[in-house]
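Report on one structure; see the data block that follows.
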Amino acid sequence: MAEDSELWDIFCDGPHVPMKKLGETGPMVPKDRKEYRPDEYNRVSACDYAKEIWEALQTTHEGTTQVKQSKIDMLTTGYEFFRMKEDESTQDMHTRFTSTINELHSLGDVIPRNKLVRKILSVLPGSWESKVNAITEAKDL
(Lines give C-alpha, C1' and ligand atoms only; values in the text may rest on other atoms or scores of the structure.)
Protein backbone atom coordinates (compact mmCIF):
# COMPACT_ATOMS: atom_id res chain seq x y z
CA MET A 1 0.00 0.00 0.00
CA ALA A 2 2.85 2.42 0.77
CA GLU A 3 4.19 1.91 -2.75
CA ASP A 4 0.77 2.76 -4.19
CA SER A 5 0.64 5.91 -2.10
CA GLU A 6 4.11 7.00 -3.23
CA LEU A 7 3.18 6.37 -6.86
CA TRP A 8 0.04 8.41 -6.36
CA ASP A 9 2.12 11.25 -4.88
CA ILE A 10 4.23 11.28 -8.04
CA PHE A 11 1.06 11.30 -10.13
CA CYS A 12 -0.41 14.18 -8.12
CA ASP A 13 2.76 16.27 -8.13
CA GLY A 14 3.19 16.05 -11.89
CA PRO A 15 3.59 19.04 -14.20
CA HIS A 16 0.03 20.30 -13.71
CA VAL A 17 -0.91 21.59 -10.27
CA PRO A 18 -4.70 21.91 -9.76
CA MET A 19 -5.64 25.52 -9.05
CA LYS A 20 -8.59 27.32 -7.50
CA LYS A 21 -9.73 30.94 -7.37
CA LEU A 22 -9.91 32.63 -3.99
CA GLY A 23 -13.31 34.23 -3.98
CA GLU A 24 -14.89 35.74 -7.07
CA THR A 25 -12.14 38.21 -7.87
CA GLY A 26 -9.23 36.74 -5.94
CA PRO A 27 -6.02 35.27 -7.31
CA MET A 28 -5.52 31.69 -8.50
CA VAL A 29 -3.78 29.51 -5.90
CA PRO A 30 -2.82 25.82 -5.81
CA LYS A 31 -5.44 23.49 -4.34
CA ASP A 32 -4.57 21.57 -1.20
CA ARG A 33 -4.16 17.87 -1.88
CA LYS A 34 -7.14 17.08 0.30
CA GLU A 35 -9.26 19.13 -2.13
CA TYR A 36 -8.46 17.04 -5.21
CA ARG A 37 -6.63 13.87 -4.22
CA PRO A 38 -9.47 11.61 -2.97
CA ASP A 39 -11.72 12.11 -6.00
CA GLU A 40 -8.98 11.44 -8.54
CA TYR A 41 -7.61 8.50 -6.61
CA ASN A 42 -11.05 6.93 -6.28
CA ARG A 43 -11.58 7.25 -10.04
CA VAL A 44 -8.47 5.25 -10.88
CA SER A 45 -7.75 3.05 -7.86
CA ALA A 46 -9.73 0.08 -9.23
CA CYS A 47 -8.07 0.26 -12.68
CA ASP A 48 -5.57 -2.47 -13.51
CA TYR A 49 -4.05 -1.01 -16.67
CA ALA A 50 -2.79 2.39 -17.78
CA LYS A 51 -5.34 2.39 -20.59
CA GLU A 52 -8.17 2.01 -18.08
CA ILE A 53 -6.77 4.88 -16.00
CA TRP A 54 -6.47 7.06 -19.11
CA GLU A 55 -10.03 6.31 -20.23
CA ALA A 56 -11.45 6.93 -16.75
CA LEU A 57 -9.71 10.29 -16.43
CA GLN A 58 -10.46 11.27 -20.01
CA THR A 59 -14.17 10.56 -19.58
CA THR A 60 -14.19 12.42 -16.26
CA HIS A 61 -12.42 15.54 -17.50
CA GLU A 62 -13.34 15.69 -21.18
CA GLY A 63 -16.51 13.66 -21.25
CA THR A 64 -17.57 11.19 -23.89
CA THR A 65 -17.19 11.95 -27.60
CA GLN A 66 -20.78 13.19 -27.63
CA VAL A 67 -20.18 15.51 -24.66
CA LYS A 68 -16.95 16.77 -26.26
CA GLN A 69 -18.78 17.57 -29.50
CA SER A 70 -21.51 19.39 -27.57
CA LYS A 71 -18.85 21.50 -25.83
CA ILE A 72 -17.23 22.29 -29.20
CA ASP A 73 -20.62 23.27 -30.66
CA MET A 74 -21.42 25.52 -27.70
CA LEU A 75 -17.99 27.20 -27.78
CA THR A 76 -18.15 27.62 -31.58
CA THR A 77 -21.51 29.35 -31.25
CA GLY A 78 -20.00 31.57 -28.55
CA TYR A 79 -17.13 32.40 -30.90
CA GLU A 80 -19.42 33.15 -33.84
CA PHE A 81 -21.67 35.46 -31.81
CA PHE A 82 -18.82 36.97 -29.78
CA ARG A 83 -19.26 40.70 -29.19
CA MET A 84 -17.56 43.24 -26.98
CA LYS A 85 -19.75 44.16 -24.02
CA GLU A 86 -20.84 47.77 -23.67
CA ASP A 87 -18.74 48.78 -20.64
CA GLU A 88 -15.95 46.24 -21.22
CA SER A 89 -12.30 47.18 -21.63
CA THR A 90 -10.44 45.83 -24.65
CA GLN A 91 -8.22 43.85 -22.24
CA ASP A 92 -11.23 42.17 -20.61
CA MET A 93 -12.76 41.49 -24.01
CA HIS A 94 -9.51 39.93 -25.22
CA THR A 95 -9.24 37.79 -22.08
CA ARG A 96 -12.79 36.50 -22.61
CA PHE A 97 -12.08 35.84 -26.29
CA THR A 98 -8.81 34.04 -25.53
CA SER A 99 -10.53 31.85 -22.96
CA THR A 100 -13.06 30.67 -25.55
CA ILE A 101 -10.36 30.06 -28.16
CA ASN A 102 -8.16 28.15 -25.69
CA GLU A 103 -11.06 25.91 -24.70
CA LEU A 104 -11.77 25.16 -28.36
CA HIS A 105 -8.09 24.45 -28.95
CA SER A 106 -7.93 22.07 -25.97
CA LEU A 107 -10.84 20.13 -27.49
CA GLY A 108 -9.01 19.85 -30.81
CA ASP A 109 -10.85 22.58 -32.72
CA VAL A 110 -8.20 25.04 -33.89
CA ILE A 111 -9.27 28.25 -35.60
CA PRO A 112 -6.66 29.76 -37.95
CA ARG A 113 -4.91 32.87 -36.61
CA ASN A 114 -6.05 35.07 -39.52
CA LYS A 115 -9.70 34.31 -38.69
CA LEU A 116 -9.07 35.11 -35.02
CA VAL A 117 -7.51 38.46 -35.92
CA ARG A 118 -10.41 39.32 -38.24
CA LYS A 119 -12.89 38.40 -35.53
CA ILE A 120 -11.19 40.61 -32.94
CA LEU A 121 -11.03 43.51 -35.40
CA SER A 122 -14.71 43.10 -36.23
CA VAL A 123 -15.88 43.35 -32.61
CA LEU A 124 -13.90 46.44 -31.62
CA PRO A 125 -16.01 49.56 -30.95
CA GLY A 126 -16.41 52.37 -33.50
CA SER A 127 -13.73 54.44 -31.77
CA TRP A 128 -11.21 51.90 -33.10
CA GLU A 129 -12.39 52.24 -36.72
CA SER A 130 -9.36 54.19 -37.99
CA LYS A 131 -6.96 51.75 -36.35
CA VAL A 132 -8.88 48.75 -37.70
CA ASN A 133 -8.81 50.25 -41.21
CA ALA A 134 -5.08 50.93 -40.98
CA ILE A 135 -4.37 47.37 -39.82
CA THR A 136 -6.61 45.88 -42.48
CA GLU A 137 -4.99 47.96 -45.25
CA ALA A 138 -1.42 47.35 -44.02
CA LYS A 139 -1.74 43.57 -43.76
CA ASP A 140 -3.52 41.06 -45.91
CA LEU A 141 -5.34 39.22 -43.17
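All residue numbers in this chain count up from 1 along the given sequence.
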So does Glu103 pair up with Lys71, basic N to acidic O under 4.0 Å?
no

Could you check if a side-chain atom of Phe97 sits within less than 4.5 angstrom of a side-chain atom of Val123, using non-hydrogen atoms only?
no

Just by distance, do the side chain of Glu52 and the backbone of Asp48 share a donor-acceptor pair under 3.5 Å?
yes

Using a 6.0 Å distance limit plus a 45 degree cone around the ring axis, check whether Lys51 lies over the aromatic ring of Trp54.
no

Min side-chain heavy-atom separation Lys131-Leu124 under 4.5 Å
no

Using modelled atom types and a 3.5 Å cut-off, is there a donor and acceptor pairing between side-chain atoms of Ser122 and backbone atoms of Lys119?
yes

Between the CG atom in Leu107 and the CG atom in Asn102, the distance rounded to the nearest 0.5 Å is 11.0 Å

Taking the side chain as C-beta and beyond, is there a heavy-atom pair between Lys85 and Arg96 under 4.5 Å?
yes

List the steps and the verdict of side-chain contact (heavy atoms from CB on, under 4.5 Å) for Leu121 and Trp128.
CA-CA 9 Å; Leu121 292 175; Trp128 284 74; over 6 Å; no

Main chain of His94, side chain of Thr98: is a donor-acceptor contact present, judged purely on distance under 3.5 Å?
yes

Supply the atom-to-atom distance Cys47 SG to Leu57 CG, rounded to the nearest 0.5 angstrom.
7.5 Å

Minimum heavy-atom separation for Met84 and Pro125, please, with both atom names.
SD-CD, 3.4 Å

So CG of Leu22 and CE of Met28: to nearest 0.5 Å the spacing works out to 9.0 Å

Atom pairs and distances, donor-acceptor, side-chain atoms in residues 73-82, under 3.5 Å, two or more places apart:
from, atom 1, to, atom 2, distance (Å)
Asp73, OD1, Gln69, NE2, 2.9
Thr76, OG1, Ile72, O, 2.7
Thr77, OG1, Asp73, O, 3.0
Tyr79, OH, Lys115, O, 3.4

If you group Ile, Leu, Val, Met, Phe, Trp and Tyr by side-chain heavy-atom gaps below 4.5 Å, do Val117 and Met93 land in one group?
yes

